[in-house]
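Everything below concerns the one structure shown next.
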Amino acid sequence: MRYSEMFLPTGREVPSDAEIISHQLMIRAGLIRKLTSGIYSYLPLGYRVIRKVEQIIREEMNRAGAQEVFLPMVQPAELWQESGRWEYYGKELLRLRDRHDREYCLGPTHEEVITDLVRNDIKTYRQLPRNLYQIQTKFRDEVRPRFGVMRCREFGMKDAYSFDADEAGAEVSYEKMFAAYTSIFERCGLKFRPVEADSGSIGGKYSHEFMVMAESGEDAMIVCEKCNYAANLEKAEIARPEKKETGEKDKLPLESVHTPNVRTIEEVSAFLKVTPRDIVKTLIFNADGKPCAILIRGDQEVNEIKVKNYLGINELTLAEDDMILHATGAPRGFAGAVKIKTRIIADYSVMNMVNFVTGANKEDYHLKNVNIGRDFNVESFADLRVIEKSDTCPRCGGGIQFVRGIEVGHVFKLGTKYSKALKAVYLDRDGQEKIMIMGCYGIGVGRTVAACIEQNNDENGIIWPMPLAPYQVIITPVNVNEGQVLQAAEKIYKDLLFRGVEVILDDRDERAGVKFKDADLIGIPLRITVGQKNLAGGNVELKERKSGKTTIHPLQNIVSAIEKSIAGSINPVAGKQT
RNA sequence: CGGGGCGUAGCGCAGCCUGGUAGCGCGCCUGCUUUGGGAGCAGGAUGUCGAGUGUUCAAAUCACUCCGCCCCGACCA
């Protein structure tokens, strides 16, 4: 493409509403423009990158045996009512009505549609397993879109769904997708890692998120320094400690202390001259409408997702004042496990505590020397807290590190959540009706592009890895008014086009500096500079965007040098297509 | 949904407090010079000042209402 004919508006100024580097660069390099909050247009350069990612996804999905479909974006309410998510999904689901006043939603994901499709046309185990995928625009009415295409409302996503006859088959499907995702992100040239994650509102048993490592990432995770355990902070497990028996004689007599207006952990520890580690924090939660007490050591934090999963409930919030009053008999700030009128679940952190401090369930009083077993009993001990720097790997006991990342892919084992609700059943070998086992697998396409920029940029702009680069080469004639220079550049341009290289010829009548700056900003991996000086010796200059290294090549060798460089930096599809 | 901020030329911003001719830089157009890292000089175009209502002789400026956008929080594949 000739630069002079391209729609490629680049900018020098950093847009005022772009916070993170990828957002700034995507606007400055003319990849995207915002239409309205959380909704973006992709310009030609940006769309080329999107298509590169999509193509890699297609190749790897096909190779894994998945088949591409294209599903509707507008979906009838009935289907969502059938799965129960019309009620459950909340405001993120954009609902609309047609001229007949019938209700629809814009698809934020496609479990319902795909399950409906499959249940109508798959009847026997002979037709299983199947894995169908699509690359579609999704709409989620995010509360707060931000970071450009990283968290937006309308976004491109690849979603795949697997249907299996049994658990063992579902496991195989999951493993295949896990492997395909690994190939996809490797081919994109990203530094990433799969981490164990909570499965969120999509539901299902367990899942892995594919995280692109980036400081600006919205997700926090921990990685083990020794083994390959890595997990989202929400999910990161904490090993059960060993139970130490305390002799009855070590338990000091229970004592009630007047603590006027002393409520928070900080206030209590200061008032009683103890550390937060000596206090057991009693949090009253509203668990699907019923109160539940969660005990945890005073210096630690409850992981609400763990609590939610442990209790197997839908909604968990900290209890309102009147629920606390009702459950404890005291206002907020004085809750304790002794004689409380709720279930009591304790985090492992309190399992071995002795002679600790708690609220007294009485206004302005706390208890000292409280002991489990003697003063109260807990229903069970469980892993309910947020992992901390001082914790160790739950698998191998090694040290852990806290890192941040961008979630670009997520693979779920859905089980029968949707197939059961929507009655996606088949007949097995024995003529028995069985429910299909599902899996679902997503990749954020736009987000992958943004994540790539987060990992590959410098003060001059984007540095595309070759597999995602919108163009592989840019030819920069230093001065288009010098006939020989332009002619030489045109010749190289035609030769490269002929060889199938994706190339831009910067034929604009601009000063060299402007062209260099633009070439760097839009991040084309290879730049051929054609200038009077080198040309006099029959040479041109090749500059690598990533390393900044320049090499001089005779005119007749430049095309082969380029082809060699490109071949060396594209990860081809391994193995044959199916 | 709660808190805060912003809306003035394509982009980045000043002007508003203290009402009276709408400005600056970049970009854009024309000409001349320049030509290996965002050139110089000269000339030029571009605005419902987010919208509406009110106060006033007079509103970008003051008041009220609405809309949009951004940030923090809550929420969230």
Side-chain angles (χ1 to χ4, degrees), chain A residues 9-20 23-24 27-28 30 33-39 85 88-93 107-111 138-148 150-153 155-160 197-204 207-211 218-219 232 234 304-305 315-318 406-412 414 440-447 459-461 476-482 485-486 506 508-522 527-536 540-541 543 548 550 552:
Chain A
T10 58
R12 196 182 339 202
E13 313 252 11
V14 177
S16 62
D17 57 358
E19 288 282 297
I20 57 171
H23 187 193
Q24 294 170 359
I27 292 168
R28 287 189 54 210
R33 287 292 182 264
K34 181 169 74 183
L35 180 63
T36 182
S37 178
I39 300 180
R85 286 207 291 186
Y88 187 74
Y89 213 98
K91 288 188 184 164
E92 260 187 60
L93 187 65
T109 173
H110 283 70
E111 281 81 10
K138 311 273 184 182
F139 195 93
R140 291 184 193 168
D141 202 354
E142 286 282 344
V143 199
R144 183 145 91 84
R146 60 188 125 173
F147 304 140
M150 198 76 91
R151 175 164 295 276
C152 49
R153 300 196 291 170
F155 59 100
M157 176 169 162
K158 187 283 305 182
D159 52 329
D198 186 69
S199 38
S201 72
I202 282 205
S207 73
H208 284 90
E209 288 170 341
F210 283 76
M211 297 290 216
E218 286 190 273
D219 294 284
N232 192 303
E234 299 174 339
E304 293 190 17
I305 288 168
E315 243 182 286
L316 185 81
T317 51
L318 276 172
I406 299 161
E407 181 191 352
V408 290
H410 203 155
V411 291
F412 288 86
L414 280 180
C440 86
Y441 318 93
I443 292 179
V445 180
R447 187 182 278 190
E459 65 281 4
N460 291 314
T476 307
V478 167
N479 184 344
V480 293
N481 297 316
E482 287 165 355
V485 168
L486 186 61
D506 193 349
R508 295 174 299 167
D509 186 9
E510 287 287 352
R511 299 171 62 85
V514 173
K515 296 187 185 189
F516 292 152
K517 287 289 181 190
D518 275 333
D520 286 350
L521 177 61
I522 64 177
R527 188 184 84 204
I528 301 170
T529 312
V530 185
Q532 192 68 254
K533 269 176 262 168
N534 280 317
L535 201 58
V540 290
E541 180 186 288
K543 181 165 185 171
T550 60
I552 304 295

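In the text below, chain A, chain B and the rest are named by the order of the sequence lines, each starting its count at 1.
Only the P atoms considered, B:A58 is 28 Å distant from B:U46, to the nearest whole Å. With both ends at atom C1', the span from B:C57 to B:G19 equals 12 Å, rounded to whole Å. Rounded to the nearest Å, the gap between the P atom of B:A22 and that of B:A45 is 15 Å. When the C1' atom is used for both B:A74 and B:C16, the distance is 34 Å, rounded to whole Å. Separating the C1' atom of B:U8 from that of B:A42 is a span of 28 Å, rounded to the nearest Å. Comparing B:U21 with B:C49, their C1' atoms sit 15 Å apart, to the nearest whole Å. Look at the C1' atom in both B:A14 and B:G68: the space between them is 22 Å, to the nearest Å. B:A9 and B:C28 have their C1' atoms separated by 11 Å, given to the nearest Å.
The distance between atom CD of A:E209 and atom C1' of B:C76, rounded to the nearest whole Å, is 12 Å. Atom P of nucleotide B:C75 and atom CG of A:D141 are separated by 18 Å, given to the nearest angstrom. One atom, CD of A:E142, and another, P of B:A74, lie 15 Å apart when rounded to the nearest Å.
Across every strand in view, B:U48 sits unpaired, with no contact that passes the Watson-Crick or G-U test at under 3.5 angstrom. Base pairing of B:A22: no nucleotide in any strand meets the Watson-Crick or G-U wobble criterion (both distances under 3.5 Å). Under the Watson-Crick or G-U wobble criterion, with both distances below 3.5 Å, B:C17 has no partner in any strand shown. Base pairing analysis places B:A39 opposite B:U33; the two distances defining the Watson-Crick or G-U wobble pair are each below 3.5 Å. Nucleotide B:U56: unpaired (no Watson-Crick or G-U wobble partner with both distances less than 3.5 Å). Pair check for B:G7 finds B:C67; Watson-Crick or G-U wobble, both atom distances under 3.5 Å. With both pairing distances under 3.5 Å, B:C76 is matched to nothing as a Watson-Crick or G-U wobble pair.
A pairwise comparison of heavy atoms in A:L521 and A:R28 identifies CD2-O, 3.4 Å as the closest pair. Closest non-hydrogen pair, A:V478 versus A:V485, comes out as N-CG1, 4.0 Å. For A:G38 against A:C152, the heavy-atom pair with the smallest separation is O-CB, 3.2 Å. Smallest separation of non-hydrogen atoms from A:K543 and A:G548: CE-O, 3.6 Å.
For the pair A:E142 and A:R151, the salt-bridge criterion is met [side-chain N within less than 4.0 Å of a carboxylate O].
Using a 4.5 Å cut-off on side-chain heavy atoms (C-beta onward), A:C440 and A:H110 make no contact. Put simply, the side chain of A:N232 does not reach to within 4.5 Å of the side chain of A:E407, judged on heavy atoms. Counting heavy atoms from C-beta outward, A:K34 and A:P15 have side chains that stay 4.5 Å or more apart. Side-chain contact between A:F516 and A:D506: absent, with no pair of heavy atoms (C-beta onward) separated by less than 4.5 Å.
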### Query
Checking side chain to side chain contact (heavy atoms under 4.5 Å, CB included) for the pair A:L93/A:Y88: CA distance, chi angles, key distance, verdict?
CA-CA 10 Å; A:L93 187 65; A:Y88 187 74; over 6 Å; no
### Message
For nucleotides 25-39 of chain B, give me one character per nucleotide, 5' to 3': B if any protein heavy atom sits under 4.0 Å from the base, S if the only such contacts are to the sugar-phosphate, - if neither.
### Response
BSS------BBBBBB
### Summary
B/S/- along nucleotides 68-73 of chain B (protein heavy atoms under 4.0 Å) is -SSSB-
